[in-house]
Number of protein chains: 2
Amino acid sequence: MQLKEGKERFIEAWGALGSSWGITRTMAQIHALLLVSTVPLSSDDVMKQLQISRGNVNTNMRMLVEWTLVHKKLIPGERKEFFVAEKEMSKVVKSIIIARRKRELEPMLRLLDELTEVGGDNDEAEGFRSVISDLKLYSNKADKALDALIKVDSNWFFSTFLSFIK
Amino acid sequence: MQLKEGKERFIEAWGALGSSWGITRTMAQIHALLLVSTVPLSSDDVMKQLQISRGNVNTNMRMLVEWTLVHKKLIPGERKEFFVAEKEMSKVVKSIIIARRKRELEPMLRLLDELTEVGGDNDEAEGFRSVISDLKLYSNKADKALDALIKVDSNWFFSTFLSFIK
DNA sequence: CATAGCTTTCAGTAAAGACTGAAAGTAGGG
DNA sequence: CCCTACTTTCAGTCTTTACTGAAAGCTATG
């Protein structure tokens, strides 16, 4: 396969995959484009390559920067902003875990906390509290596990984890 | 808080959370409804309680059964089908991990396999292959870790994992 | 301190995704 | 083997979410 074709397929497929990860096609495509670019790109470069509007690039780029998957890069003599993707995969993985934990787990923990205070001493209320508290238990475990995962160096974690579990 | 209010809040919030987990509001709401119900429910019960159409219930219920979060339950003397949610949380967690791995990780592994064969011996092609192979490395690690997680008893895993990492 | 060059915002529009409901399909009971 | 009670399907519609593009907002430079 040729490099050009490979890049195109990667950008397209990464975009499609994005949806199943809960991020927009475009955000994922911009990320892919920057990941396989050897040079920093400006908004105009991205607009041109992906055929999307300035506003769209701006919004999605801001999210990528927020997730720390992309950084602004100033080029001396240029007034435009340029962008580069973080290419060290342990950092990429870490950023994704942090962002997803925040989106997917935190709201759940908040909800469950609120619902433990349901009253009543019949079987039905008992059942409800039991479901909620079990959910809470597992959510907390997941939360702590992810927290540990974030704090340690990813390489260390994965290799140790795997040898341990095997 | 009253039980009725608690259930309602749970169903509504679980639905909202669903979107951030990449499942539809309705599928999550049906799941929530069944989780906090002490008796099996029929399609009609669900239609009535959530104010949604028969087709919608049918489609989403099928997905819940596919994810093994819900089981059909036959009640003697009734021709209708009834449904109950799996309430053991270790099983629920396991089902969710399996389904998400399939949706989110498998397509990625397939894509990356395809892209390792990109040719060229300049720096650019080298960089591309490096990004792809790093991604592949981490995806495989995540895949194996999840596989291990699925295979062991969830309780064992979490407690051992946590004491290990702490 | 005015202007050019760039970035951000956001109301309106387009695209994607979910839901409805009626019609077709299926199976137990008589 | 037909009727009735249910389940499934899917074309059309609605809702939600993402994108566009033009206008407003910045900020370096002369």
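In what follows, chains are A, B, ... by sequence order, proteins preceding strands, each numbered from 1. From a predicted model like this one, the values you see are computed outputs, not experimental measurements.
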How long is the line joining [atom1] of [X] and [atom2] of [N], in whole Å?
X	N	atom1	atom2	answer
B:R79	D:dA5	CZ	C1'	4 Å
B:K80	D:dT8	NZ	C1'	17 Å
A:E78	C:dT7	CD	P	10 Å

To the nearest 0.5 Å, what is the distance between CH2 on A:W67 and CD1 on A:I98?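 If we round to the nearest 0.5 Å, A:W67:CH2 and A:I98:CD1 are 11.0 Å apart.
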
Could you state the interatomic distance from CD (A:Q29) to CG (A:L33), rounded to the nearest 0.5 Å? 9.0 Å

Would you say A:V84 ends up clustered with A:V70 if hydrophobic residues are merged whenever their side chains have heavy atoms under 4.5 Å apart, either directly or through other cluster members? no

Heavy atom of residues 15-50 of chain A under 4.0 Å from DNA chain C: which residues?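 Those residues whose heavy atoms fall under 4.0 Å from DNA chain C, taken from residues 15-50 of chain A, amount to none.
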
Would you jot down, in residue-number order, the residues of residues 51-64 of chain A having a non-hydrogen atom under 4.0 Å from DNA chain C?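 A:R54, A:G55, A:N58, A:R62 - these, ordered by number, are the residues of the stretch whose heavy atoms sit under 4.0 Å from the strand.
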
Are [X] and [Y] within salt-bridge range, i.e. N to O under 4.0 Å?
X	Y	value
A:D44	A:K48	no
B:R110	B:E114	no
A:K94	A:E86	no
B:E106	B:R101	no

Strictly by salt bridge (charged side-chain N to carboxylate O under 4.0 Å, His left out), give each pair with a member in residues 120-130 of chain B just once, sequence neighbours left out. A:K7-B:E124, B:E126-B:R129

